[in-house]
Amino acid sequence: MPRATTRPQPAGREPGAAPAAPLAPTPSQTIGPFFGHALPLPGGGQIAPAGHPDTVTVHGLVRDGTGAPVPDALLEFWQAGPDGSLTGAPGSLRRDPVTGAAIGRNGVDFTGFGRVPTDADGRYVLHTLPATAPAGRPDAAPHLAVCVFARGLLHHLATRVYFPEHATANAADPLLARLPTERARTLLARADGPGRYRFDVQLQQTADGTHEETVFLAFR
């Protein structure tokens with residue numbers, strides 16, 4: 001004779017109670033938006049040592065394929081030191097040894113690394129030292145390396161920022177030299193006042209062609 005069985009009841013429900021209402025489905029997300037939760041670091045946009053007289057400002061806007069600003073993107077910057085060295089210095093991601101909380105930079109060492117989220121208007125600001133060419137790369141023009149993380153991207157995007165005062169070096173740079181003029185222009189910051197540069201990141205060309213997609217790089 002078959003034995004009766006009792007189905008386990010969910011926690012918090014009395015036997016015989018009506019079943020709980022079904023939960024609403026979680027909205028689908030390709031990736032994020034969650035970059036503002038744990039990745040930003042205190043002083044992430046302050047790469048230059050505090051009060052350094054040569055500090056320059058790089059700022060801009062991150063736009064999507066409709067031309068709208070992306071308010072929850074995250075940009076990481078790497079650059080060679082003033083001597084061209086790529087070794088940098090530790091200290092960008094310091095944490096409190098007691099609490100484990102991120103406490104940011106010591107304000108003295110140039111680490112060559114920055115991490116900056118965009119604000120509610122899709123804008124970012126970076127304060128750093130002037131770009132230099134990496135040591136051992138005499139053919140390269142001074143530049144900043146950039147990684148872009150944003151909603152809908154399964155993989156981060158890599159690009160570069162070049163600067164207008166290095167016209168001769170830019171003309172000989174192996175990457176810029178391989179690009180058509182109009183595409184190379186998307187990697188060139190423009191002067192925006194003394195010690196200030198504007199560099200916008202366009203994730204995809206707009207349908208009307210108003211904004212051309214930034215050149216992104218694939219590393220193999």
Side-chain angles (χ1 to χ4, degrees), residues 35 40-41 43-82 92 105 107 110-134 140-150 157-173 175-177 179-206 208-217:
F35 298 114
L41 62 138
Q46 301 284 343
I47 301 180
H52 198 291
D54 296 332
T55 299
V56 298
T57 298
V58 180
H59 69 103
L61 184 67
V62 179
R63 300 190 192 90
D64 65 16
T66 69
V70 179
D72 50 16
L74 189 74
L75 287 76
E76 291 189 342
F77 294 85
W78 289 268
Q79 66 182 100
S92 292
R105 308 177 192 281
F110 178 76
T111 66
F113 171 76
R115 180 183 289 160
V116 187
T118 54
D119 65 12
D121 299 315
R123 299 185 179 279
Y124 74 91
V125 180
L126 182 77
H127 303 287
T128 188
L129 296 183
T132 56
H143 64 271
L144 309 181
V146 188
C147 272
V148 183
F149 303 82
L157 301 175
T159 188
R160 288 182 179 180
V161 186
Y162 292 86
F163 296 87
E165 64 268 29
H166 303 295
T168 300
N170 290 344
D173 183 86
L175 172 60
L176 293 178
L179 298 172
T181 302
E182 64 276 9
R183 299 295 291 133
R185 194 177 297 122
T186 69
L187 301 182
L188 188 66
R190 69 175 187 269
D192 187 32
R196 287 172 53 92
Y197 301 89
R198 173 75 180 262
F199 181 78
D200 293 340
V201 178
Q202 184 66 36
L203 297 179
Q204 186 179 25
Q205 180 171 312
T206 53
D208 60 4
T210 304
H211 301 294
E212 187 168 11
E213 180 180 306
T214 300
V215 168
F216 296 109
L217 311 175

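This chain uses plain numbering: 1 for the first residue, then up along the sequence.
Side-chain contact of His143 with Asp173: a donor-acceptor pair under 3.5 Å is absent, judged by distance alone.
Interatomic distance, CG of Leu75 versus CZ of Phe199, reported as 9.0 Å (0.5 Å rounding). With rounding to the nearest 0.5 Å, the separation of CG in Asp119 from CG in Asp72 is 11.0 Å. Here the OG1-CG distance, from Thr118 to Leu61, works out to 8.5 Å after rounding to the nearest 0.5 Å. Taking CD1 from Ile47 and CG from Leu129, the interatomic distance works out to 8.5 Å, rounded to the nearest 0.5 Å. Considering CZ of Arg160 and CG of Leu187, their distance stands at 9.0 Å, rounded to 0.5 Å. One finds the OG1 atom of Thr132 at 8.5 Å from the NE2 atom of His166 (value rounded to the nearest 0.5 Å).
For the pair Pro117/Tyr124, no side-chain contact is recorded, criterion being any heavy-atom separation below 4.5 Å from C-beta on. Taking the side chain as every heavy atom from C-beta outward, Cys147 and Trp78 approach each other to under 4.5 Å. Looking at heavy atoms from C-beta onward, Leu217 lies in side-chain contact with Leu175 at the 4.5 angstrom threshold. Within the 4.5 Å cutoff, the side chain of Val62 has no heavy atoms near those of the Gln202 side chain. Between Thr55 and Thr128, the closest side-chain pair of non-hydrogen atoms is not below 4.5 Å. Contact check for Val116 versus Val125: no side-chain heavy atoms found under the 4.5 Å cut-off. Asp121 places none of its side-chain heavy atoms less than 4.5 Å from the side chain of Pro69.
A salt bridge (charged side-chain N to carboxylate O under 4.0 Å, His left out) check over residues 179-189, counting only residues at least two apart or in different chains, returns the pairs Arg183-Glu212. Judged as a salt bridge (charged side-chain N to carboxylate O under 4.0 Å, His left out), the pairs with a partner in residues 59-69 (not counting sequence neighbours) are, in order, Arg63-Asp200.
The minimum heavy-atom distance between Ala48 and Phe110, with the atom names listed, is CA-CD1, 4.5 Å. Here the closest non-hydrogen pair linking Pro71 and Ala120 is CB-O, 3.6 Å. Here the shortest heavy-atom pairing between Pro142 and Ala131 reads CB-O, 3.4 Å. Here the shortest heavy-atom pairing between Ala191 and Pro164 reads N-CG, 4.1 Å. The two residues Asn170 and Ala141 make their nearest non-hydrogen contact at OD1-CB, 3.3 Å. Minimum heavy-atom separation, Ala80 to Pro134: CB-CA, 4.1 Å.
Thr186 places a side-chain N or O within 3.5 Å of a backbone atom of Val215 that can act as its donor or acceptor partner. For the pair Thr206 (side chain) and His211 (backbone), a donor-acceptor distance under 3.5 Å is present. For Arg105 (side chain) and Gln46 (main-chain N/O), a donor-acceptor pair under 3.5 Å exists by modelled atom type.
Under the ring-ring contact (aromatic ring centres under 6.0 Å, His included) criterion, Tyr197 pairs with Phe163, not counting sequence neighbours.
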message: For Phe149 and Glu76: C-alpha separation, side-chain torsions, deciding distance, then whether side-chain contact (heavy atoms from CB on, under 4.5 Å) applies.
response: CA-CA 8 Å; Phe149 303 82; Glu76 291 189 342; 3.9 Å; yes

task: Give the intermediate values and the outcome of side-chain contact (heavy atoms from CB on, under 4.5 Å) for residues Phe216 and Val201.
output: CA-CA 10 Å; Phe216 296 109; Val201 178; 4.1 Å; yes

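Shown are Arg198, His127, Arg196; of these, the side-chain hydrogen bond (donor to acceptor under 3.5 Å, both in side chains) with Thr57 is made only by His127.
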